[in-house]
Amino acid sequence: MNIPSALQHVSEHGKSQLSTYVIEQGKAILEIADIQKAYQDKRVLEHINLDLKAGELISFLGPSGCGKTTLLRIIAGLEQPDYGKIVKKGQDITRLKSAKRQCGVVFQNYALFPNLTIADNIAFGLNDQKWSKAQKAERVNELLDLIELPDISARYPYQLSGGQQQRVALARALAAKPDLLLLDEPLSALDAVVRVKLRQNIRLIQRQLNIPTILVTHDQEEALSISDRIAVMYAGKIEQLDTPHNIYYAPQTRFVAAFIGNMSFLAGKVEQNHTLKLLESESVVTRQHRMPLGAAFEVGFRPENATLSLERPVDFQGLVIKVRPIHTEFLGAKKRVFCQMQTGNGQAIDLQVDLEHQNTSSLNNDMWLSVASHHLYLFDEAGRVRC
Ligand SMILES: Nc1ncnc2c1ncn2[C@@H]1O[C@H](COP(=O)(O)OP(=O)(O)OP(=O)(O)O)[C@@H](O)[C@H]1O
């Protein structure tokens, strides 16, 4: 994954200092309180709590089947929760019909009517309302300008590219001036280049209209690059709701750390307050933590924070282990080196290191992998971060 450039400037992990999230103090437009849902005894959503502020874009990000779409459909009124409450602008809308919720929804598969012109497709969302013909035409033109496709009103969907169709779907969702925009994987059917361009368009339009928006996606680069906050979901729960910066640099759980970007893990037991014994008998020096002596842990690091050297670093505070580089992958500005650490029982642990300027011809069979203690993440047995 490419880490979006806005996230690349911090040298050590910790809470965001560069955060661009300025909506924090804003008023909640949408409040989701303790939403729960099961299908035939299978729990799909558990105790979901969330607030969406005015003008904010939150992404639901997580692996397939974690409940993202179900949660979005509950917010849209297309699905009923078993328990919990949804409040929009102070009104309890949990049992309100979908059509009355004033939500604009865009789905993955453009869902345009093939037999209607683009103008009629966009105006379709206005049919329930008391818009005169002239008002409708004016609104359609306004929206075509907004999506920067002013000359296509007489065309039919089949005459447009996938990206253009999705912009029309967005215009249709915005036609009736909803106060909430819900986007369900709107970009996943498009090719990579169009996807990047369109996600920027969506973000620009969303900011221009200042419309609170929820985006469902399984694409972490997409979520990191355009969201104010991301709800990382796993098995029906929100693991962490935070800014993209903190999701990447300050993951609160092992799942988030492993799911966003890359992280290598090594297991061990707490030996002293700062010194932990890896199961492979090496020690690692971490920052302050509050784990009991003897407790099992995993230490994690990101590939960009690890270094390879021929000589063992001396007086080094952190993790130092002997590894064998196995192969490298070219990633443009950097190379990823896949290493293995041999365990006492003949097994190998896979670890990854990114080299930016180092010449990979200097790689040797036996090298030292080191990570400074302030770049190490410590997870307890329950997968919660401890430092
Ligand atoms: N109508 C339904 N009846 C029964 N099970 C359902 C129904 N809708 C969803 N599920 C199940 O609920 C779980 C969550 O589904 P959901 O579509 O919300 O996940 P998702 O995170 O959006 O996944 P994906 O990224 O694959 O779309 C899945 O196990 C799915 O099979």
Quiz item: Looking only at heavy atoms, which two atoms of Ile86 and Ile75 are closest? And how far apart?
Solution: CD1-CA, 3.9 Å

Quiz prompt | Residues Asp184 and Gln108: side-chain donor-acceptor under 3.5 angstrom | solution = no

Quiz item: Under the side-chain hydrogen bond (donor to acceptor under 3.5 Å, both in side chains) criterion, do Arg199 and Ser225 qualify, and how do the steps go?
Solution: CA-CA 9 Å; Arg199 80 183 183 212; Ser225 56; 3.2 Å; yes

Self-check item: Side-chain heavy atoms of Ile214 within contact of Leu57, under 4.5 Å
Solution: no

Practice problem: Measure the CD-CD1 distance between Gln240 and Ile260 for me, rounded to the nearest 0.5 Å. | Solution: 9.0 Å

Practice problem: Please answer: with hydrophobic residues joined when any side-chain heavy atoms are less than 4.5 Å apart, are Leu71 and Tyr83 in the same cluster? | Solution: no

Quiz item: Looking at residues at least two apart in the chain, or sitting in another chain, which of them share a salt bridge (Lys or Arg N to Asp or Glu O under 4.0 Å) with Asp41?
Solution: none

Quiz prompt | Flag side-chain contact, heavy atom, 4.5 Å: Leu144 against Ile122 | solution = yes

Quiz item: Rounded to the nearest 0.5 Å, how far apart are SG of Cys339 and CD1 of Ile349?
Solution: 12.5 Å

Practice problem: Using a strict 4.0 Å threshold on nitrogen-to-oxygen distance, state whether Glu56 and Arg229 make a salt bridge. | Solution: yes

Quiz prompt | Closest heavy-atom pair and its distance - Glu298, Ala267 | solution = CG-CA, 4.1 Å

Exercise. For the residue pair Ile48 and Ile74, establish whether any side-chain heavy-atom pair is separated by less than 4.5 Å.
Key: no

Exercise. Please determine, by modelled atom types, if Asp92 and Thr94 share a side-chain donor-acceptor pair under 3.5 angstrom.
Key: yes

Exercise. For the pair Lys37 (side chain) and Gln80 (backbone), establish whether a donor and an acceptor sit closer than 3.5 Å, ignoring hydrogens and angles.
Key: yes

Exercise. Indicate yes or no for a side-chain donor-acceptor contact from Asp120 to the backbone of Leu116 under 3.5 Å, with no hydrogens or angles considered.
Key: no

Quiz item: Between Leu143 and Leu146, is a side-chain contact (heavy atoms from CB on, under 4.5 Å) present by the stated rule, with each step listed?
Solution: CA-CA 5 Å; Leu143 289 157; Leu146 184 73; 4.2 Å; yes

Quiz item: Crowded around Arg312 CZ? As in, over 12 foreign heavy atoms under 6.0 Å?
Solution: yes

Quiz prompt | Same cluster (ILVMFWY, side-chain, under 4.5 Å), Leu266 and Trp368 | solution = no

Quiz prompt | Worked verdict on Val232 versus Ile247 for side-chain contact (heavy atoms from CB on, under 4.5 Å) | solution = CA-CA 8 Å; Val232 181; Ile247 291 284; 3.7 Å; yes

Quiz item: Do side-chain atoms of Gln340 reach the backbone of Pro325 as a donor and acceptor pair under 3.5 angstrom?
Solution: no

Give the table of side-chain donor-acceptor pairs shorter than 3.5 Å for residues 313-323, with sequence neighbours excluded, one pair per line with atom names and distance.
none

Quiz prompt | Spacing of NZ belonging to Lys100 relative to CD belonging to Gln91, to within rounding of 0.5 Å | solution = 11.0 Å

Exercise. Find out whether the Lys NZ or Arg CZ of Arg302 is both under 6.0 angstrom from the six-membered ring centre of Tyr248 and within 45° of the ring's axis.
Key: yes

Quiz item: Can we say Arg254 and Glu381 salt-bridge, meaning some charged N sits less than 4.0 Å from an Asp/Glu carboxylate O?
Solution: no

Quiz item: How long is the span from the CD atom in Glu239 to the SG atom in Cys66, to the nearest 0.5 Å?
Solution: 10.0 Å

Quiz prompt | Side-chain touch Asn201/Arg167, heavy atoms, less than 4.5 angstrom | solution = yes

Exercise. Would you mind reporting whether Ile230 and Asp242 have side-chain heavy atoms less than 4.5 Å apart?
Key: no

Self-check item: Any donor-acceptor N/O pair, Ser309 side chain to Glu311 backbone, under 3.5 Å
Solution: yes

Quiz prompt | Ring geometry between His245 and Tyr249 (parallel below 30°, tilted from 30 to 60°, perpendicular above 60°) | solution = tilted

Quiz prompt | Asp366 versus Leu310, closest heavy-atom pair with distance | solution = O-CD2, 4.5 Å

Quiz prompt | Expected output: side-chain Lys68 to main-chain Pro63 donor-acceptor under 3.5 Å | solution = yes

Practice problem: Check whether Tyr39 and Leu45 end up in the same hydrophobic cluster, where Ile, Leu, Val, Met, Phe, Trp and Tyr are linked by side-chain heavy atoms less than 4.5 Å apart. | Solution: yes

Quiz item: Checking Asn49 side chain against Asp34 main chain: does a donor-acceptor pair fall under 3.5 Å?
Solution: yes

Practice problem: Could you tell me which residues satisfy side-chain hydrogen bond (donor to acceptor under 3.5 Å, both in side chains) with Arg203, sequence neighbours excluded, listed by chain and number? | Solution: Gln206, Asp228

Quiz item: Nearest heavy-atom pair of Leu224 and Pro244: which atoms, and what distance?
Solution: O-CB, 3.6 Å

Quiz item: If you measure from CD on Gln165 to CD on Gln159, what distance do you get to the nearest 0.5 Å?
Solution: 10.5 Å

Quiz item: Hey, is Lys335 close enough to Asp354 for a salt bridge, meaning N to O under 4.0 Å?
Solution: no

Exercise. Start with the C-alpha gap between Ile152 and Leu160, add the side-chain angles, then the distance that decides, and say whether side-chain contact (heavy atoms from CB on, under 4.5 Å) holds.
Key: CA-CA 9 Å; Ile152 60 157; Leu160 303 183; 4.0 Å; yes

Practice problem: Return the set of residues passing side-chain contact (heavy atoms from CB on, under 4.5 Å) with Ser264 (not counting sequence neighbours), or none when no residue passes. | Solution: Phe301, Leu351, Gln352

Quiz item: Hey, does Ile202 have a side-chain heavy atom less than 4.5 Å from the side chain of Leu183?
Solution: yes

Exercise. Please confirm whether the backbone N or O of Asp219 pairs with a side-chain atom of Glu222, one donor and one acceptor, at under 3.5 Å?
Key: no

Self-check item: Hydrophobic cluster identity match, Ile35 and Leu96, side-chain contacts under 4.5 Å
Solution: yes

Quiz item: Using 30° and 60° as the class limits, which term best fits the ring planes of His327 and Phe338: parallel, tilted or perpendicular?
Solution: parallel

Exercise. Rounded to the nearest 0.5 Å, what's the gap from NZ on Lys88 to SG on Cys103? Could you check?
Key: 5.5 Å

Practice problem: Determine, using the 4.5 Å side-chain heavy-atom cutoff (strictly less than), whether Leu50 and Ile29 are members of one ILVMFWY cluster. | Solution: no

Quiz item: Is there a donor-acceptor pair closer than 3.5 Å between any side-chain N or O of Arg139 and the backbone N or O of Ala175?
Solution: yes

Quiz item: Applying salt bridge (Lys or Arg N to Asp or Glu O under 4.0 Å), which residue pairs with at least one partner in residues 145-162 are found, sequence neighbours left out?
Solution: none

Quiz item: If only atom types and distance count, is the side chain of Arg172 paired as donor or acceptor with the main-chain N or O of Ala123 below 3.5 Å?
Solution: no

Quiz item: Can you check whether Met367 reaches Arg324 side chain to side chain, under 4.5 Å on heavy atoms?
Solution: no

Quiz item: Closest approach of Thr117 and Ala154, non-hydrogen atoms and distance?
Solution: CG2-O, 3.9 Å

Quiz prompt | Trace of the side-chain contact (heavy atoms from CB on, under 4.5 Å) decision for Gln200 with Leu204 | solution = CA-CA 6 Å; Gln200 291 165 353; Leu204 270 174; 5.6 Å; no

Quiz item: Side-chain contact, heavy-atom cut-off 4.5 Å: Ile118 with Tyr156?
Solution: no

Quiz item: Just checking, Arg384 and Phe379: is the charged tip under 6.0 Å from the six-membered ring centre and within 45° of the axis?
Solution: no

Practice problem: Report the residues that fulfil ring pair (Phe, Tyr, Trp, His ring centres under 6.0 Å) with Phe255, sequence neighbours left out, ordered by chain and then residue number. | Solution: Tyr234, Phe259

Self-check item: Where Pro178 and Ile211 come nearest, the two heavy atoms and their spacing
Solution: O-CD1, 3.4 Å

Quiz item: If only atom types and distance count, is the side chain of Lys89 paired as donor or acceptor with the main-chain N or O of Leu30 below 3.5 Å?
Solution: no

